[in-house]
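Worksheet: the structure to be examined is printed underneath.
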Amino acid sequence: MEHPPLNTDLDVIGGAGFKEDAVREEVVFPLLVRLGYASSGDSRIVRSRAISHPFVAIGSTRRPITIIPDYLLEVGGRAAWVLDAKAPNENITTGQNVEQAFSYAIHPEIRASLFALCNGREFALFRVEERDPLLHFKMGDLEAHWRPLFGLIGPQAFRDGPKPISITQPPPEPETDYLAVNPPAEVTQIAKQAAKRHHGVHGYFTRQVWSVVQAYIERFSKPGDVVLDPFGGTGVTLIESLILGRKGIHVDINPLSQFIVQTLISSFDPSDLVESYQSIRRDFENRRPENDEEVEALLERLPFPSGIELPKNADVRDISELFSRRQLAELALLKSLVLGVKNAPTRAHLLLMFSGLLNKINLTYHASEGRSEGRGDSAVFRYYRYRIAHTSPSLDVLRVFESRLRKILAAKEELRPFVSKANPADYQVLKGSATNLAMVETQSVDYIYTDPPYGSKIPYLDLSVMWNAWLDLTVTRDDFAQEAIEGGELGKTKGDYSALLAQSINEMYRVLKFGRWMSFVFAHKDPAYWHLIVGAAEAAGFEYAGVTKQNNGQSSFKKRQNPFTVLSGQLIINFKKVKNPRSIMAVELGMDIADVIEETIEASIALHHGATIEQINDDLVIRGLELGFLHILSKQYQDLTPLLRDRFMYDEAEQKYHIKRNTKFKAHIDVRMRIRYFLLSYMRRMEMQKIRPSFDDIVLSIMPLLKNGITPEHQTIQSVLEDIAEPAGVDRWRLKNVGQGAFDF
């Protein structure tokens with residue numbers, strides 16, 4: 001009897017509709033059947049068996065609480081092991097989920113020696129007497145781990161009686177064809193706060209969504225591979241690489257970035273951290289200034305940042321003016337107590353806590369409207385400049401410091417199983433410029449995922465002055481010169497930025513192995529930056545391999561304030577490093593570029609039933625790139641707002657553009673021309689993904705884009721298709737002369 005195949009398609013499992021019940025039915029149950037268990041017989045699956053909690057009862061009658069494991073596996077009439085299913089976004093290696101499954105296994109009515117958890121994406125098997133997983137793997141790697149898994153929990157393992165449990169190495173895996181994979185679809189599980197290792201550790205200007213980064217690392221690399229992020233920021237790429245069993249290299253020119261990431265993944269003694277915190281708290285309370293005289297006396301004795309000039313757009317000139325005198329005194333006292341801790345790892349983690357509270361203990365702190373005073377952040381994260389708040393709540397330093405302790409302990413506990421297993425040689429956290437990756441060997445990297453700076457959007461070093469000054473971290477003039485931004489205190493031009501970004505891409509090309517991938521995050525309204533990235537990547541030798549639109553899960557404050565100029569989501573551009581890269585070549589569209597622009601906007605409105613500025617911009621950029629008119633778009637349409645306001649209607653409530661009332665979609669553009677335009681775009685995308693679509697696939701994909709004007713007959717679409725494409729098997733199509741006419745080699 002053939003058992004149903006397991007659903008290990010991570011795109012499907014990560015989808016919004018894939019919940020815990022789907023994990024049970026589509027992943028866990030087929031796995032149990034394949035292992036040799038059935039609903040009846042000697043090797044039995046017992047679903048949702050209710051058992052009384054051995055320790056807890058409620059009410060005056062002491063009524064027992066019932067607990068229910070998802071699956072109890074019995075062999076020969078005796079409990080063998082327990083399995084609990086979880087939703088795809090839940091942690092199954094540490095925390096309450098593991099404790100819950102453990103409580104099932106040790107229950108007096110079960111007394112199993114093994115228990116497991118599965119969230120559809122991962123599987124973890126534990127012995128009840130051990131804290132770390134006995135076996136832990138991604139479901140996509142199930143076949144490589146099948147032999148040890150079956151040997152541990154297959155029915156025969158329990159019939160043979162107790163025996164030493166050992167993990168044998170899986171057989172060597174066949175060599176991976178990296179270029180055969182396609183980029184992930186949009187990740188819909190956006191649960192930022194679900195990962196304590198990232199959320200709440202330390203404020204920063206940008207932070208990639210961990211589940212998106214994880215999906216790309218999983219798709220484009222395998223365990224043991226080296227993953228690089230040359231614009232590392234808060235280390236999401238490095239940390240998710242370690243969690244997935246990869247090696248990681250984190251590079252960032254900002255010393256604050258290096259400090260945050262290095263401390264977060266370093267070893268420490270949590271009990272010593274708590275004891276040191278308690279000692280500091282007592283000393284702080286005893287020495288805390290009670291009046292202005294004591295404040296000034298402390299400032300006479302203790303050092304604090306002063307005489308450091310802030311960026312020109314700051315509301316004040318000197319760094320000391322970002323704080324009240326009391327804030328300066330209390331911060332100086334707290335830092336002096338932290339520096340007095342002798343244990344270096346503990347001291348580093350206390351400094352990370354201290355650095356984290358600076359976000360709230362300053363005069364630029366803005367409390368979020370309608371929330372408690374402690375729910376807010378500094379102006380640098382809201383407005384990207386040092387803007388003094390009109391009214392700033394005076395938060396208690398010790399309370400904020402204590403909250404940092406809780407955040408750090410939670411993050412470290414979540415990271416512990418992964419970082420503790422990682423060899424120090426498996427990761428590097430480096431301060432350096434992406435323009436010079438001399439510390440990374442040529443062709444030593446298997447995958448690059450990075451979110452670079454975009455023009456003048458965020459001057460990272462300028463905005464980090466407050467943190468770097470309090471932490472005594474050095475930023476040199478050469479650091480400012482090598483930072484890939486436009487503007488800033490050095491007044492860099494777009495040409496300077498372009499040259500620095502091109503140097504960075506050249507370095508990424510050098511260190512990446514052939515046959516591997518690079519993913520670039522794009523989050524800017526100006527298509528010129530897209531053109532710059534793709535042009536620089538092609539000049540370096542990369543081949544463009546498509547783009548994925550990715551929602552980031554929520555609308556930012558800056559987006560709400562500037563709906564026409566800020567993107568709430570992002571695009572992820574993928575490139576391949578191959579021996580003979582194909583370059584994007586402009587095609588003869590046969591229609592005026594202004595008509596192309598308006599046609600695309602109307603198609604976006606039709607497709608989305610009213611389109612946001614992000615959807616319109618994304619559709620324009622993608623089509624402009626794929627059809628080769630992006631250079632015109634970037635020069636003539638840097639700001640779409642005037643065109644959109646003139647030609648279309650904006651709905652404030654929906655934040656969407658629509659066709660104006662009492663008007664119709666444009667119909668003067670020949671229907672065959674419009675079909676050709678959209679067919680070229682669609683077929684090029686299919687070629688990049690190595691897909692040969694059927695005629696029905698083609699019609700269903702482009703018909704929604706042709707709602708404007710006259711909806712064509714299928715015969716019209718087929719006749720245009722035959723002009724630009726050719727059959728490739730039974731009811732399959734491909735562009736004509738691929739490799740010669742459609743692309744340059």
Side-chain angles (χ1 to χ4, degrees), residues 200 202-205 254 256 260 284 287-338 351-404 407 458-473 475 488-489 556-558 560-561:
H202 196 291
Y204 209 72
F205 313 100
N254 192 346
L256 176 62
I260 293 171
F284 185 92
R287 298 171 57 186
R288 190 176 203 165
E290 295 183 359
N291 51 52
D292 292 345
E293 289 76 14
E294 292 184 3
V295 164
E296 295 304 322
L298 265 181
L299 292 177
E300 286 291 326
R301 296 197 308 270
L302 298 175
F304 60 89
S306 182
I308 299 173
E309 191 172 333
L310 293 172
K312 294 182 179 66
N313 65 353
D315 282 357
V316 293
R317 299 299 338 126
D318 189 87
I319 189 172
S320 62
E321 297 177 83
L322 294 175
F323 309 90
S324 69
R325 299 296 285 178
R326 175 169 290 278
Q327 286 176 334
L328 280 174
E330 292 187 345
L331 289 172
L333 173 59
L334 184 57
K335 180 184 173 183
S336 70
L337 295 174
V338 168
L351 277 173
L352 182 60
M353 291 162 51
F354 173 82
S355 180
L357 68 78
L358 291 173
N359 178 35
K360 296 185 177 181
I361 309 298
N362 67 79
L363 297 179
T364 77
Y365 176 74
H366 291 65
S368 297
E369 187 176 348
R371 307 177 77 177
S372 65
E373 287 187 338
R375 302 298 295 271
D377 50 32
S378 294
V380 290
F381 300 133
R382 289 196 179 193
Y383 307 105
Y384 300 144
R385 73 179 187 89
Y386 287 104
R387 169 180 164 177
I388 302 298
H390 296 300
T391 56
S392 183
S394 181
L395 302 180
D396 182 79
V397 171
L398 278 184
R399 288 188 62 184
V400 181
F401 195 51
E402 181 183 359
S403 74
R404 305 316 309 161
K407 298 286 189 182
I458 305 176
Y460 291 86
L461 290 179
D462 286 344
L463 296 178
S464 299
V465 169
M466 181 172 72
W467 286 271
N468 286 326
W470 274 104
L471 294 171
D472 301 309
L473 299 174
V475 181
E489 288 303 281
S556 67
F557 175 85
K558 201 164 181 66
R560 293 192 298 271
Q561 294 295 104

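For clarity, every value in this text was computed on a predicted model and none was experimentally measured. Here, residue 1 is the first one in the sequence, and each next residue gets the next number. Reckoned from all heavy atoms, side chains included, excluding hydrogens, waters and symmetry mates.
Between the CD atom of Gln327 and the CG atom of Leu395 there is a distance of 8.5 Å, given to the nearest 0.5 Å. Between the OG atom of Ser336 and the CZ atom of Phe284 there is a distance of 9.0 Å, given to the nearest 0.5 Å. Atom OH of residue Tyr384 and atom OH of residue Tyr460 lie 7.5 Å apart, to the nearest 0.5 angstrom. For the atom pair CG (Leu471) and CG (Leu358), the distance works out to 7.0 Å, reported to the nearest 0.5 Å. Between the CD atom in Glu330 and the CD1 atom in Ile361 there is a gap of 8.0 Å [rounded to 0.5 Å]. Ile260 contributes atom CD1, which lies 12.0 Å from atom CG of Leu351 (distance to the nearest 0.5 angstrom).
Taking every heavy atom of both residues into account, Leu298 and Arg287 meet most closely at CD1-O, 4.2 Å. Taking each heavy atom of Phe381 and Gly203 in turn, the nearest pair found is CZ-C, 3.6 Å. Closest heavy-atom contact between Pro305 and Ser320: O-CB, 3.7 Å. In plain terms, the two heavy atoms of Ile319 and Met466 that are nearest each other are CD1-CA, 3.7 Å.
Shown here are the side-chain contact (heavy atoms from CB on, under 4.5 Å) partners of Ser403, two or more places apart in sequence or in another chain: Val400, Arg406. Every residue meeting the side-chain contact (heavy atoms from CB on, under 4.5 Å) condition with Lys407, not counting sequence neighbours, appears here in chain and number order: Arg404.
Side-chain contact check for Val295 versus Arg288: every heavy-atom pair is 4.5 Å or farther apart. The closest side-chain heavy-atom distance from Asp315 to Arg385 is below 4.5 Å. In this structure, the side chains of Val465 and Tyr386 come closer than 4.5 Å at one or more pairs of heavy atoms. Side-chain contact between Phe323 and Val316 is absent, with no heavy atoms from C-beta onward closer than 4.5 Å. Put simply, the side chain of Asp318 does not reach to within 4.5 Å of the side chain of Leu310, judged on heavy atoms. Annotation: side chain of His366 is in contact with side chain of Arg387 (closest heavy-atom distance under 4.5 Å). Counting heavy atoms from C-beta outward, Ser355 and Leu256 have side chains that approach closer than 4.5 Å. Two residues are said to be in side-chain contact when any heavy atoms from C-beta on lie closer than 4.5 Å; Thr364 and Val380 fail this criterion.
Using a 4.0 Å cut-off between charged nitrogen and carboxylate oxygen, Arg326 and Asp292 do not count as a salt-bridge pair.
Atom CZ of Arg317 sits in a crowded spot, with more than 12 heavy atoms from other residues, nucleotides or ligands closer than 6.0 Å.
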If you apply the rule side chain to side chain donor-acceptor pair (under 3.5 Å), what do you find for Asn254 with Asn468, and how did you get there?
CA-CA 9 Å; Asn254 192 346; Asn468 286 326; 3.3 Å; yes
Determine, step by step, whether Asp396 and Lys360 satisfy the salt bridge (charged side-chain N to carboxylate O under 4.0 Å, His left out) criterion, reporting the C-alpha distance in whole Å, the side-chain angles of both residues, the deciding distance to 0.1 Å, and the verdict.
CA-CA 10 Å; Asp396 182 79; Lys360 296 185 177 181; over 6 Å; no
Output, in order, the C-alpha distance, side-chain angles, deciding distance and verdict of side chain to side chain contact (heavy atoms under 4.5 Å, CB included) for Leu322 and Leu363.
CA-CA 5 Å; Leu322 294 175; Leu363 297 179; 5.7 Å; no
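Between Phe401 and Phe354, the gap from one ring centroid to the other reaches at least 6.0 Å.
Looking at Asp462, its side chain never comes within 3.5 Å of a backbone N or O of Gly488 through a donor-acceptor pair.
Ring-plane geometry between Trp467 and Phe205 is classed as perpendicular, the angle between the planes exceeding 60 degrees on a 0 to 90 degree scale with a lower cut at 30.
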